[in-house]
Structures are given as structure tokens and as C-alpha cells.
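Remarks on the structure that follows.
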Amino acid sequence: MNENCGVVAIRNLKTDRVYLFYSNDIKGDCVKSRFQLDLGMHSCRSLQEDYASTGLEVFRFDVIEETDNPARLSAIKESSRESGLALYE
């Protein structure tokens, strides 16, 4: 298994909402996501709006699972929804 691959969460600590994505380069994609958020260019508009109104201080990047199987993202999203976790879509 490639240790640089996996499912990553950008977690809003104020609202408990989570944005999940699969990455082939965890560190690089976290830096890229932060850069996009800082510039107001992230593809998830609701995440971008929350980031713009609160700033970086209430967000945390977490590796949910190291895996080289991109299909795990769908399974993790589904189980997150079933457990009542609010997801950014």
C-alpha cells in the first residue's frame, strides 16, 4: 500500500461539517486544498463559503484512512452519512 494515498477530511470544528476526498498525494493535496481555500477557488462552494467567513482557525485536515483504493471514499461517505455526520457536498 502506498502511504501517500488515502481518504482525507477537511473538518469544520465550529459546525462539525466535513469535506471528504480521496488523494493519491495526501500532503500535496492538503496544501493544494488550503491554497484553493485561501484564494477563494475551492470546488466545493459551501466549504469555500464557510472558510471565507470563519478562516483557517476552525478547520482541521485529517487523514481518515490510508488506502490505495479510491472506492473507499464512497464507502466512507456512506457510513459517515449513516452515522449522522454532516458532509459538505
Side-chain angles (χ1 to χ4, degrees):
M1 173 174 43
N2 184 344
E3 292 180 10
N4 295 318
C5 297
V7 178
V8 179
I10 303 175
R11 187 178 309 274
N12 183 327
L13 302 173
K14 187 174 181 181
T15 65
D16 292 327
R17 286 181 78 186
V18 176
Y19 177 76
L20 296 170
F21 66 95
Y22 179 80
S23 173
N24 287 314
D25 175 11
I26 292 172
K27 184 176 180 180
D29 285 342
C30 286
V31 169
K32 178 182 172 184
S33 290
R34 165 107 188 267
F35 183 71
Q36 289 173 331
L37 288 165
D38 287 343
L39 292 178
M41 298 173 50
H42 199 277
S43 61
C44 179
R45 297 311 323 156
S46 56
L47 171 63
Q48 183 64 64
E49 289 167 3
D50 283 356
Y51 186 89
S53 68
T54 61
L56 175 64
E57 296 77 28
V58 301
F59 287 89
R60 186 175 76 204
F61 288 72
D62 297 316
V63 176
I64 302 299
E65 180 179 307
E66 290 181 356
T67 179
D68 53 7
N69 180 1
R72 287 290 301 141
L73 175 59
S74 295
I76 290 171
K77 279 186 174 182
E78 185 59 33
S79 68
S80 296
R81 283 187 198 97
E82 289 173 359
S83 68
L85 188 63
L87 297 180
Y88 287 103
E89 300 288 342

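Predicted model only: the values in this text are computed from it and were never measured. Numbering starts at 1 and runs along the sequence shown.
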Can you get from [X] to [Y] by hopping between Ile, Leu, Val, Met, Phe, Trp and Tyr side chains that sit under 4.5 Å apart?
X	Y	answer
I64	L87	yes
F59	V8	yes
L56	Y19	yes
F21	I26	yes

My understanding is that a hydrophobic cluster links ILVMFWY residues whose side chain heavy atoms are under 4.5 Å apart, including indirect links. Using that, what else belongs to the cluster containing L13?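 ILVMFWY cluster around L13 holds nothing else.
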Residues at least two apart in sequence or cross-chain that pass side-chain contact (heavy atoms from CB on, under 4.5 Å) with V58, listed by chain then number, are N12, K14, T54
[atom1] of [X] to [atom2] of [Y]: how many Å apart, nearest 0.5 Å?
X	Y	atom1	atom2	value
C44	I10	SG	CD1	8.5 Å
E66	R72	CD	CZ	13.0 Å
L85	D16	CG	CG	8.0 Å
L47	E89	CG	CD	11.5 Å

Would you say R60's side chain and E57's backbone share a donor-acceptor pair under 3.5 angstrom? no
Measure across [X] and [Y] and return the closest heavy-atom pair with its distance rounded to 0.1 Å.
X	Y	result
S80	S83	O-OG, 2.9 Å
V7	Y22	CG2-CD1, 4.3 Å
H42	R45	O-NH1, 3.0 Å

Keeping to residues at least two apart or across chains, list the ring pair (Phe, Tyr, Trp, His ring centres under 6.0 Å) pairs with something in residues 65-89.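 Sorted result for residues 65-89: empty, none.
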Which residues pass the side-chain hydrogen bond (donor to acceptor under 3.5 Å, both in side chains) test with R11, not counting sequence neighbours? D62
E49: side-chain hydrogen bond (donor to acceptor under 3.5 Å, both in side chains) partners, not counting sequence neighbours: none
Contacts of E78 that satisfy salt bridge (Lys or Arg N to Asp or Glu O under 4.0 Å) - sequence neighbours left out: R81
Table please: side-chain donor-acceptor pairs of residues 32-41 below 3.5 Å, with sequence neighbours left out.
unit_1	atom_1	unit_2	atom_2	d
S33	OG	D29	O	3.1
D38	OD1	Y51	OH	2.4

